[in-house]
Amino acid sequence: MSLATAPTLVSEEQALSLVDSVIQQSQADGVFVSVSSSESALSRFSENQISQNISRHNFTLTVTSYFGKRSASASTTEFLPDAIKDTIQRSEELARIAPEDPEWVPLLEPQVYESRVPAFDEATATLSPLVRGEMVQQICAKSAKAGVEGSGRLSTQAFAQAVGNSLGLRACDRTTEAEFSFTARIEDGSSWSQRTAFAIDHLPLDSLIEPLIDRAFAARNPHEIPPGVYPVIFDNAAFADLLPWVIFNLDARSADEGRSFMSRTDDRGQPGGNRIGEPLFNPLVQVQRHPAHPLLQKGTFFGDGLSNHYLEIIQDGVPQTLSYSRYWAQQQGKEPTGSLFPIVMSGSDQSLSDLIAQTERGILVNRAWYVRYVNPRTLEVTGMTRDGTFWIEEGKIAYPIKNLRFNQSLPDMLRDVDALSTVQRFGGRVTPGLRVKAFNFSSVTDSV
């Protein structure tokens, strides 16, 4: 029986050839073309048995036609000449009757991209359902042997994207990704974590599962502590769900228009620029957009064709840049940045256990769950701990505690960071675990 599946992902040559063909057929003043193709596979399991094992192929061609300041897009999922021709015509017909765009920008000129090849792991791209199912079966067997209920998912994806326009812009990337998440439950104790890698062989399945099983046992019979402000140690996975809230709110337009924690206001409370260059966070906080990071090795461009290159976001606790769309960059006389993603925050050579050993008293948070805005202007959020929350006493985990709801300003959280651990990858984020001197918990919750 085959251990691999036959790849149907479009090649770089096929994708760019299709882009060229659409541009040649276009009758518009200008045209932008995007081609995306993906092979994704997913296995889910719950209560120590596999419950889903599926594979999916996606192909999308999107054509955006321009007539002056009017534009419109049309898409197709068919890789057939007639379907492509109809998509081009539909895009042009809609663009001719569309209203003029008040935030119009011209087509993007050809760009310079980083001279590197994103990670593409053939074994991940062609992993068979049989092998994936056997991997999950082994995980479930370990959970059952340990006496816990294991659930989670194992997924792989191969992705190709190409873009081009009638000014000569061309770009194409092919990447792979594998992701694993695992939850262990026993009685009222639970634990959870996840990992992402560009190759299936890089996922630390065995080394991840056993500590999570141990943590689920340790999380049983939690004590209740009063809400309040405590020192907190965040596991890498918990912090990975908080940091993006800060980075995605480093938006130039929101800051300049007075709608962001990065906004400055004058004596009358009116918007007065942004806070770039101000020491807002602890100097330990170092964040970059770093698609070439060894754990990531992601693509070289964004979906609109802008370059996705290395960019300093926060240096020594000081914000260095904001995210400028092409329109807002044009208005402000700046260069467009594209998204501040993927996110990489530097860590240290210390383990999470080292941080715990250095903490006299505090709370260990393994998961930040259901995080939502309280006040977008100050970037105060609320959320809950989940899947194993523990009290730390004299450098050791003393006992599990009931989960807590937090209401916390995230800029204040980064200001109060005082220690970091080594980094791990979660999706498009590479983050350390960290310790925060003061973090506000507002109530006890019933979440498990």
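Keep in mind that this is a model prediction, so the values were computed, not measured. Excluded from the calculations below are hydrogen atoms, water molecules and symmetry mates; all remaining heavy atoms, backbone and side chain alike, are included.
Counting only N and O atoms by type, the side chains of Asn403 and Thr385 include a donor and acceptor under 3.5 Å apart. Checked by atom type, the side-chain pair Arg195/Ser193 shows a donor-acceptor distance below 3.5 Å. Side-chain contact of Thr382 with Arg405: a donor-acceptor pair under 3.5 Å is present, judged by distance alone. Between the side chains of Thr176 and Asp121, no donor-acceptor pair of N or O atoms lies under 3.5 Å. For the residue pair Asn236/Thr431, the side-chain donor-acceptor check at 3.5 Å is not satisfied. Ser36 and Gln161 share no donor-acceptor pair across their side chains, judged by distance under 3.5 Å alone. There is a side-chain donor-acceptor pair under 3.5 Å between Asn249 and Tyr373.
Side-chain contact check for Asn274 versus Arg264: every heavy-atom pair is 4.5 Å or farther apart. Using a 4.5 Å cut-off on side-chain heavy atoms (C-beta onward), Leu250 and Ser323 make no contact.
Interatomic distance, Leu295 CG to Gln424 CD, rounded to the nearest 0.5 Å: 9.5 Å.
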For a side chain to side chain contact (heavy atoms under 4.5 Å, CB included) check, start with the C-alpha distance between Tyr310 and Gln288, then their side-chain angles and the critical distance, and finish with the verdict. CA-CA 7 Å; Tyr310 180 89; Gln288 309 90 36; 3.1 Å; yes
Decide yes or no on side chain to side chain contact (heavy atoms under 4.5 Å, CB included) for Phe390 and Asn366, but give the supporting numbers first. CA-CA 9 Å; Phe390 297 89; Asn366 286 307; 3.6 Å; yes
Candidate pair Arg429 and Asp241, rule salt bridge (charged side-chain N to carboxylate O under 4.0 Å, His left out), full reasoning: CA-CA 9 Å; Arg429 302 150 289 168; Asp241 283 333; 3.2 Å; yes
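Scanning both residues, Ala240 and Phe426, for their nearest heavy atoms gives CB-CD1, 3.7 Å.
Remark: of the listed residues Arg435, Arg215, Arg386, Arg215 is the sole one forming a salt bridge (charged side-chain N to carboxylate O under 4.0 Å, His left out) with Asp235. Of the candidates Val33, Leu107, Asp304, Leu107 is the only one forming a side-chain contact (heavy atoms from CB on, under 4.5 Å) with Asn165.
At least one cation-pi condition fails for Arg220 and Phe217: the charged atom is not both under 6.0 angstrom from the six-membered ring centre and inside a 45 degree cone around its axis.
Ring-centre distance between Phe261 and Trp245: not below the 6.0 Å cut-off.
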